[in-house]
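Working notes for the structure below.
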Amino acid sequence: MSAKEYRLTSALRGGLMFVRGVPGIGLGDRVSVRDPAGHRRDGQVIRTSEEMVLVQVFEGTDGLDLEQTWIRFLDQPFEVALSREMLGRVFNAVGEPLDDRPPVVSTLRRNVNGNPMNPAARTRPREFIQTGISAIDGLYSLVRGQKLPIFSGPGLPHNRLAAQIVRQARIIGAPGTFVVVFAAMGLSYADASFFQDDFERDGVLGNVVMYLNLASDPAIERLILPRTALTAAEYLAYDLGMHVMVILTDVTSYAEALREVAMARGDVPARKGYPGYLYSDLAEIFERAGRIRGRAGSITLMPVLSMPSDDITHPIPDLTGYITEGQIVLSRELYNQGIYPPVDILPSLSRLMKDGIGAGLTREDHSRVASQLYASYARAVEVRNLASIIGTDDLPDTDRRYLDFAGSMETRFVTQGENEERSIEDTLEVAWQLLSLLPPEELTRVRESDLAAHHVRTQTVLSP
Amino acid sequence: MSAAPGRIVEVNGPIVTVHLPQAALGEQVWVGNLALVGEVIGRDGERAIVQIYESTESLAPGQSAAPLGHPLAAELGPGLLGNIFDGLQRPLTEIMAQSGDRVARGLAIAPLDRGRRWNFTPTPGLQLGGAIAGGAVIGTVAETETVMHRILVPPDTGGELVELAPAGDYDVEQVIAQVRGHDGITRPLRLYHRWPVRRARPCAGRDRAAVPLVTGQRVLDTFFPLLKGGRAAVPGPFGAGKTMVQQQIARWADAGIMIYLGCGERGNELVEILETFPRLTDPHTGRSLMDRTLLVANTSNMPVVAREASIYMGVTLAEYYRDQGYDVVVVADSISRWAEALREVAGRLEQIPAEEGHPAYLASRLSAFYERAGQVRTLCGLPGSVSLIGAVSPPGGDFSEPVTSHTKDMVQVFWALSKELADARHYPAVDWTESYSGYVEAAAGWWADRVDSRWNTQRAEALSLLQKSDELARIVNLVGPEALSAAQRWVLEGAALIKEGLLQQSALDEVDSFCSPQRQFALLDLMLGIYRHGQELVDAGVPVQRLLQLPVLTRAKRAKTAYSNSQLEALGAFATEAGEAFRLLGQEYSGSERVAP
Ligand SMILES: Nc1ncnc2c1ncn2[C@@H]1O[C@H](COP(=O)(O)OP(=O)(O)OP(=O)(O)O)[C@@H](O)[C@H]1O
Ligand SMILES: [Mg+2]
């Protein structure tokens, strides 16, 4: 294909450009668009036939017109240049610098879509990451190579939590930490600078690559940004052997952009206007986390999403939960009680926890303790609901202990400072102090030997 | 390629329109410079609508295309077990050897290893010149330590046996027999043959399923049993434990052959099987679990059209082992992802959607798939079965959505997982009110013969106890526990024993991960025994508070992890001890004056 410029746009609609009379254009090819003001925009072919080519313009189609818009088909897929020099830099959705420094030069360029990872090439993530946050380490342990999202809502401290995790994450007994790929989609300027400042304060900016699309930036760009960012992450992890933590925020803005384009294309909607392929589309992104056999590095993925109307059954959190390996759910109720981090104990889950904990990894009783904490807390929540109807006076003694336990779980176990780092031993220590609030007969998920070793049978009131 | 008869006209995601007058519906076609393969799903005059199994990126109108002359077919022969294939039966380990960590496009790799030789033993007594029917066994090879692979005459290839190779080592391409068909044409037979995946393999007849599939999971076997040759669905919201249930079945079920079908789900879940199964021992054969397992994997990040094909690939492989006389179990995770693949293709074709964007033919396709399960008399005369167990992932956990509700019409066993139970870490989170099995009566005969004649009544009693307790719990939530009588308080405790001591079963517990039918019944009997002892005492006026303080209650709830499958005697001794504790307590009260209840 020549790099000839055409001026054949026949229609413009919702970020899409319909180009007539240019046959032989490949699907997914990169397109360069020159708008009437002479500025360049990026686009991509999303449907192609002998008669018509459909181009998605990342910067949107506002300000384009049919007569003075020029298009160049580049006959190549979307690629980014990759090099170690990406570390410490800030880029836009397609990998162009936003930090007033020159573009990354490298002979190594890769297609941002890549080919799907062969499941047989993977190896199970299983190294426990100590985040220093009791709720996570104790109940929803994260392992290196896992994809574990934060389900949040507007106004909840998901950014602070994500930043704290990035700051404190470490592998017990192993030197070095993570490099961070930070991919922001539709983030407010304030939130973006919160992260930037936090990385700077922590002195890790040199180990961070940022891809920014702010709330004020064109929405369609959000569709390519996570792919660009993960292509970089894969290079750092699998070519250079680094352990990469990818923060993807906010997945909701991404999905909304996808819906916008789907509607403009006339795709059949599945639920709430989101296209049926939202699941596969998100999976293409999230499944890029993991570990590969025989490779030193890893990609740990932490997507952040805000649940519209705090509704966990909304398609975005729902489909995300169906793809990721667990979820950390934040609770508005806890947050309103002043609890940080407001981790909602029951709906949160880490599916890879079982591989990363236990003897030699964290502690032998860890999984039983976690199981007992959830079970007792679930029971305690039932008691609490009951108490809200009949009052506490009529409750049997055991039930009153459960009420105490629930309160302490929230205020002593979950609650901790934004700069407080607890070792896993400390976390399990607090856990046993709380379990000791309950009579040993109630604790059927731990072993008799665990009780003998850790349960404070004296039932004395805990000193704070 | 210049002589190719076809030309790409349009590329729309996985759907490619090709100017190609000759290709038939269902026929495979290659398209474009990478020779990507797909199949014809529609015709429009001179044009064929082709769904492509791989990403169509960079495909352009004008590139060539040509038909391949056959539909998507499976290669059926030794060398399948222990392997992992994609939805098109390409061996993923071999793909890795050729293209590295990622699945490159346009690779054509034969499913069965051409270099491997198998020791073939012809079936004794076969006469040259004699008649041999399609589906007959012409010989065997030991495929793994536990599985004897019967080499079958392809179902559509009966006739006169004119040649049969002697015992010896052969690779899959070598001719081991010749059969002259009724049309007079002589056809060579090899250790493998091909079969189109969208067509069910024939059998001599269908039988009623009668034998339970023992999964070792109490809530499944004891409460909602599945039979060999039956169909089950595992619906539930994300994180409720569908995959865990299916992996537990894949690990512990007494299946002759296990096919794990990862359809649009996570890569790591397949790796977990690949990494753990070879080291695990099958409790029924004592050999490595991998010896009787094969995986078909089209993970969520792999192309959707191959995902749509993958369930047919899986069930065709299952039918092939069934035809050799095996009880085959297919666990498919998840049928919803298959339905989504179907929906995506329908959407691209601009077909009018019925419910939630799904095409109107969703129900008929689903039922055609589930129809391939069953207990059969095979063409070779042996009994065999295919059991299908499909996970369903309803959007928002809403069971009224199309895939769940259609599936419900097609299965006899419904293992409904609940978010509430999963949130409380009651695993497996099988909801005892929403779930059902249509096979209880059939299973009861087996349990009575093999385990205990009281199985059916005990099971019913446990379920009714759970139900009573659920009703009481509703009352408690309105007016508090004080409103309950002593007998009612004891019902709550009885249900707690059933839930904690029986229903809850951690997949991660070494002792309890697999529970033999004998131990399942012993635990059921233990819990109900305790409940009845207590009931008598409560009726006799012993304060329920005293009963609740008995240490044997806590020990009974822990019995499942304290006594292994081989410690049934000790478990029996504990049951006696528990009975004794109640007797002693009763004595304390019968001696003195009776206390008003
Ligand atoms: N029988 C069990 N024993 C112990 N843990 C269990 C059991 N069943 C489920 N779990 C826990 O629940 C988690 C989620 O289970 P699983 O991955 O099977 O859910 P799922 O229903 O398949 O979800 P998705 O639809 O997202 O794939 C597991 O990682 C495990 O922690
Ligand atoms: Mg699952």
Side-chain angles (χ1 to χ4, degrees), chain A residues 23-29 47-50 77 113-125 238 267-271 276-277 279-280 283-284 287-288 290 292 295 313 315 318 321-323 325-327 346-347 349 351-352 354 367 371 374-375 378 385-386 389-390 394 396 441 444, chain B residues 9-12 17 56-62 84 92-93 95-96 100-105 238-239 262 264 266-268 270-272 274-275 297 299-302 304 337 340 343-344 347 353 356-357 393 395-398 423-425 476-482 500 508 551 554 557-558:
Chain A
I25 301 299
L27 188 75
D29 278 3
R47 182 169 176 170
T48 172
S49 73
E50 289 179 336
N113 285 318
N115 283 327
M117 174 134 34
N118 184 336
R122 289 178 188 268
T123 179
R124 267 194 300 169
Y238 305 132
D267 289 340
V268 182
R271 284 176 75 219
Y277 50 80
Y279 172 85
S280 300
E284 269 174 25
E287 278 283 303
R288 290 170 82 164
I292 296 186
R295 306 263 178 158
T313 67
D318 189 51
Y322 271 124
I323 301 163
E325 288 148 341
Q327 64 279 338
L346 296 180
L349 171 74
R351 302 176 194 224
L352 301 189
K354 61 178 179 2
S367 101
S371 169
Y374 308 126
N385 290 340
L386 180 61
I389 302 164
I390 63 160
D394 283 343
E441 315 80 84
T444 54
Chain B
V9 176
E10 175 170 17
V11 186
N12 179 16
T17 307
T56 52
E57 192 178 271
S58 80
L59 222 56
I84 177 167
L92 284 166
T93 338
I95 289 186
M96 193 168 68
D101 305 333
R102 285 152 201 283
V103 182
R105 293 188 292 164
F238 66 79
R266 305 171 184 83
N268 282 335
L270 295 152
V271 176
E272 163 136 31
L274 287 175
E275 289 185 2
T299 52
S300 57
N301 58 333
M302 290 162 81
V304 293
R337 305 301 167 220
E340 281 168 15
R343 174 171 70 185
E344 180 164 350
E356 298 197 4
S393 320
D398 169 13
D423 278 358
R425 269 63 177 180
V476 170
N477 280 338
L478 289 176
V479 291
E482 298 306 315
E500 290 176 49
L508 311 175
T554 313
K557 290 173 187 164
R558 286 211 190 95

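Below, chains carry the letters A, B, ... as their sequence lines are ordered, and counting in each starts from 1. All values below come from the heavy atoms of this structure, side chains included, with hydrogens, waters and symmetry mates left out.
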What are the two closest heavy atoms between [X] and [Y], and how far apart are they?
X	Y	result
Y279(A)	S300(B)	OH-CB, 3.7 Å
G396(B)	R271(A)	N-NH1, 3.8 Å
G357(B)	V268(A)	CA-CG1, 3.9 Å
R343(B)	A270(A)	NH1-CB, 3.4 Å
N301(B)	E284(A)	CB-CA, 4.2 Å
M302(B)	P116(A)	CG-CB, 4.1 Å

Which residue out of [options] racks up the most heavy-atom pairs below 4.5 Å with chain A?
options	value
G239(B), A297(B), G347(B), S393(B)	S393(B)
E344(B), E356(B), E500(B), E275(B)	E275(B)
M96(B), R105(B), K557(B)	M96(B)
T554(B), L92(B), I84(B)	L92(B)
A424(B), G397(B), P551(B)	A424(B)
G264(B), A60(B), P61(B), G267(B)	P61(B)

[X] versus chain B, the contacting section by heavy-atom distance below 4.5 Å:
X	answer
I292(A)	side chain
R351(A)	side chain
P347(A)	both
D267(A)	neither
I390(A)	side chain
R288(A)	neither

Per-residue contact mode, [X] against chain A (heavy atom under 4.5 angstrom):
X	value
V476(B)	both
P395(B)	both
V11(B)	both
E57(B)	both
T56(B)	both
R558(B)	side chain

With a 4.5 Å cut-off on heavy-atom pairs, point out which of [options] contacts chain B the most.
options	answer
R124(A), E441(A), K354(A)	R124(A)
A378(A), P119(A), G28(A)	P119(A)
L27(A), T313(A), I389(A)	L27(A)

Quick check for you: to the nearest 0.5 Å, what is the distance between [X] atom [atom1] and [Y] atom [atom2]?
X	Y	atom1	atom2	value
T123(A)	E272(B)	OG1	CD	11.5 Å
L274(B)	R122(A)	CG	CZ	12.0 Å
I25(A)	L59(B)	CD1	CG	13.0 Å
E325(A)	N268(B)	CD	CG	4.5 Å
E482(B)	D394(A)	CD	CG	5.5 Å

Please tell me if the side chains of [X] and [Y] come closer than 4.5 Å, counting only heavy atoms from C-beta onward.
X	Y	answer
E10(B)	E50(A)	no
S49(A)	T17(B)	no
N385(A)	N477(B)	no
D101(B)	N118(A)	no

When you measure from the centre of the six-membered ring of Y322(A), is the NZ or CZ of R337(B) closer than 6.0 Å and no more than 45° off the axis?
yes
Between R102(B) (side chain) and N115(A) (backbone), is there a donor-acceptor pair under 3.5 Å?
yes
